[in-house]
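Residue indices begin at 1 and follow the sequence shown.
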Amino acid sequence: MKWYTIFSLACLVAILLPAGCVFASGPESDQSPVHNEQTTAPVSKSPSESGSEIQRTDDDRYFYNIRIVSPKDLESMKNELNSDESLIRNENGDIIGIVSPRKLYIRGDLVDLQKETGKTGKTFDKTDVAEHLVDIVFGNDNAKLNLFKSNKDYQFWLDAYYTTDDTKYLLELAKLLNTLSDTTEFEDEELALGFLKTNYADVPYNFYNIKIIPQKMLDEFKDNRKSDERLIKDSEGKLIGIVGNDHLYLVDSMSFDDRKYYMLYGTLYSMGMHGTTYSEKDSFFYQVGGVRNTELSDLDKEAIKLLYGGRLKTGIDMEEMKKTLGLKT
């Protein structure tokens, strides 16, 4: 190779090498990270520079908190609800979450809940539901159907020796009943408590009164009971309550679990369900051999939806109900 060729290549390399270095370090390159020890805060533009663009700072950011929680944690949170928090229930009345304007808590076992309770879109034959409804409505002294009114919302009214647990349970029950009724609504955010202070010229609700009272007072109510009232006795035949069309009286000596059961029993009785089933063993209304189920079964819920769905009217007897529901008479 001639010397001037070598000289020319050396000059070319000398020219290109600095240019390549400048290119690699120029403002367009992001090939290698650059670490600055000092962080520069963003500079807000003036209105003339930003035009109509809205400037936002960290204080303007809105965070929505979503958490997946265990059923146990959700149960604890349920007992400490704030005024802006509400329970979320599925179509079967199960509590699955808590929501407020800035947060959402959801149970992390929803799939397992569906599997355990059989709530995977289970459907029932309409004849099965209708026959079950006839069973749980007609029985004992119930010759004709007596439904709750639909002209106003119902509100649970607790007086005498009630507890905080009683109030919480009745609000949960109101929410459950609202998922099952298309005609009668229940006030599910507030109860009437203690002495009822109401302008009776303009009563805002139909009240369902529950009294938790001593045995002596219950015995006095028994001696003066009305024709629509039925005595409630325990397995040993002892009087523990009285239920009527719009009220329920329970003795104050029973446990909270027993009181929950009888508050549900009494409310359903007053809503028109006086009967018993002898075939549906998971039903709340199955009471054969001392069995006492404490929750409504899926079939119970479907029957109540049918009862308060608008097709049936107060005053019809068993034959009329069967005819309306398309059953053989």
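Between the side chain of Glu280 and the backbone N or O of Thr277, no donor-acceptor pair lies under 3.5 Å. The backbone N or O of Asn82 sits less than 3.5 Å from a side-chain atom of Glu85, completing a donor-acceptor pair. Under the 3.5 Å distance criterion, the side-chain polar atoms of Asp234 are matched with a main-chain donor or acceptor of Gly237. Side-chain N or O atoms of Ser181 include none that pairs as donor or acceptor with a backbone N or O of Leu177 at under 3.5 Å. Not a single donor-acceptor pair under 3.5 Å links the side chain of Thr276 to the backbone N or O of Tyr286. Under a 3.5 Å cut-off, the side chain of Thr267 and the backbone N or O of Leu264 do not form any donor-acceptor pair. Judged purely by atom type and a 3.5 angstrom limit, Asp135 has no side-chain atom pairing as donor or acceptor with the backbone of His132. Judged purely by atom type and a 3.5 angstrom limit, Asn293 uses its side chain to pair as donor or acceptor with the backbone of Lys281.
Summarising the geometry of Leu306 relative to Leu312, their closest heavy-atom pair is O-CD1, 4.1 Å, with the distance given to 0.1 Å. Between His274 and Asn142, the shortest heavy-atom contact is ND1-CB, 3.3 Å. Residue Gly97 comes nearest to Leu74 through the heavy atom pair N-CD2, 3.8 Å, listed as atom of the first residue, atom of the second, then distance. A pairwise comparison of heavy atoms in Gly315 and Lys144 identifies O-CD, 3.3 Å as the closest pair. When all heavy atoms are compared, the tightest approach of Ser150 to Thr183 is CB-O, 3.2 Å. When every heavy atom of Asp298 is checked against every heavy atom of Phe124, the shortest pair comes out as CB-CZ, 3.6 Å.
Proximity of Tyr162 to Leu193: side-chain heavy atoms (C-beta onward) are separated by under 4.5 Å at one or more points. Looking at Asp84 and Pro101, their side chains come closer than 4.5 Å, going by heavy atoms from C-beta outward. Counting only heavy atoms from C-beta outward, the side chains of Tyr64 and Leu104 approach each other to under 4.5 Å. Taking 4.5 Å as the limit, some side-chain heavy atom of Leu170 sits within range of a side-chain heavy atom of Leu173. Considering only heavy atoms from C-beta on, Lys149 stays 4.5 Å or farther from Thr184 through its side chain. The shortest distance between side-chain heavy atoms of Ile304 and Leu133 does not fall below 4.5 Å. Annotation: side chain of Arg67 is not in contact with side chain of Lys103 (no heavy-atom distance under 4.5 Å). Arg230 places none of its side-chain heavy atoms less than 4.5 Å from the side chain of Ile242.
The distance from atom CD1 of Ile106 to atom CD1 of Ile68, rounded to the nearest 0.5 Å, is 6.5 Å. In this structure, CG on Leu296 lies 8.0 Å from CE on Met273, to the nearest 0.5 angstrom. Summarising the geometry, atom NZ belonging to Lys313 is positioned 9.0 Å from atom CG belonging to Leu147; distances are rounded to the nearest 0.5 Å.
The list of ring pair (Phe, Tyr, Trp, His ring centres under 6.0 Å) pairs with a residue in residues 297-329, not counting sequence neighbours, is empty.
A salt bridge is defined here as a Lys NZ or Arg NE, NH1 or NH2 lying under 4.0 Å from an Asp or Glu carboxylate O, and Lys305 with Glu302 meets this definition. With respect to the salt-bridge test (charged N to carboxylate O, under 4.0 angstrom), the residues Lys78 and Glu172 qualify. Using a cut-off of 4.0 Å between Lys/Arg side-chain N and Asp/Glu carboxylate O, Asp228 and Lys226 are scored as not salt-bridged.
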Ser283/Asp300 under side-chain hydrogen bond (donor to acceptor under 3.5 Å, both in side chains): CA gap, chis, key distance, verdict: CA-CA 6 Å; Ser283 169; Asp300 290 338; 2.7 Å; yes
Run Leu325 and Arg311 through side chain to side chain contact (heavy atoms under 4.5 Å, CB included) and show every step you take. CA-CA 9 Å; Leu325 298 177; Arg311 294 175 59 188; 4.2 Å; yes
Test side chain to side chain contact (heavy atoms under 4.5 Å, CB included) on Leu299 and Asp282; report intermediate values, then the result. CA-CA 9 Å; Leu299 186 56; Asp282 62 340; 5.9 Å; no
Does the pair Leu191 and Leu171 meet the rule for a side chain to side chain contact (heavy atoms under 4.5 Å, CB included), with working shown? CA-CA 7 Å; Leu191 305 177; Leu171 287 176; 3.6 Å; yes
Test side chain to side chain contact (heavy atoms under 4.5 Å, CB included) on Asn209 and Leu248 and set out the steps. CA-CA 6 Å; Asn209 182 215; Leu248 171 67; over 6 Å; no
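A donor and an acceptor atom, one from each side chain of Ser70 and Asp73, are located under 3.5 Å apart.
Hydrophobic clustering, with ILVMFWY side chains joined whenever heavy atoms are under 4.5 angstrom apart, keeps Tyr169 apart from Met77.
Under the side-chain contact (heavy atoms from CB on, under 4.5 Å) criterion, Gln215 pairs with Leu218, Asp219, Lys238, Leu239, Val251, not counting sequence neighbours. Residues forming a side-chain hydrogen bond (donor to acceptor under 3.5 Å, both in side chains) with Asp246 (at least two apart in sequence, or on another chain): none. Annotation: ring-ring contact (aromatic ring centres under 6.0 Å, His included) contacts of Phe221 (sequence neighbours excluded): Tyr249. Phe284 meets the ring-ring contact (aromatic ring centres under 6.0 Å, His included) test with Tyr261; sequence neighbours excluded. Taking the side-chain hydrogen bond (donor to acceptor under 3.5 Å, both in side chains) definition, one finds that Glu229 meets it with His247, sequence neighbours left out. Taking Phe148 as the reference, Tyr154, Tyr208 meet the ring-ring contact (aromatic ring centres under 6.0 Å, His included) condition, with sequence neighbours excluded. Take Lys152 and apply the side-chain contact (heavy atoms from CB on, under 4.5 Å) test, not counting sequence neighbours, and it matches Val203, Asn206. Listed by chain and residue number, Thr127 satisfy the side-chain hydrogen bond (donor to acceptor under 3.5 Å, both in side chains) test with Asp125 (two or more places apart in sequence, or in another chain). For the ring-ring contact (aromatic ring centres under 6.0 Å, His included) test, no residue two or more places apart in sequence or in another chain qualifies with Phe285. Under the rule for a side-chain contact (heavy atoms from CB on, under 4.5 Å), the partners of Lys322 that lie at least two apart in sequence or sit in another chain are Val134, Met318, Leu327, Thr329. Applying the side-chain hydrogen bond (donor to acceptor under 3.5 Å, both in side chains) test to Ser255 and every residue at least two apart in sequence or in another chain returns Asp258.
Put simply, the residue from Lys260, Lys211, Arg259 that forms a salt bridge (charged side-chain N to carboxylate O under 4.0 Å, His left out) with Asp166 is Arg259.
Remark: Arg292 CZ is packed, more than 12 non-hydrogen atoms of other residues, nucleotides or ligands lying under 6.0 Å away. Atom CD of Glu190 sits in a sparse spot, with 12 or fewer heavy atoms from other residues, nucleotides or ligands closer than 6.0 Å. The environment of Glu189 atom CD is sparse: at most 12 non-hydrogen atoms of other residues, nucleotides or ligands sit within 6.0 angstrom. More than 12 heavy-atom neighbours from other residues, nucleotides or ligands sit within 6.0 angstrom of CZ on Phe256.
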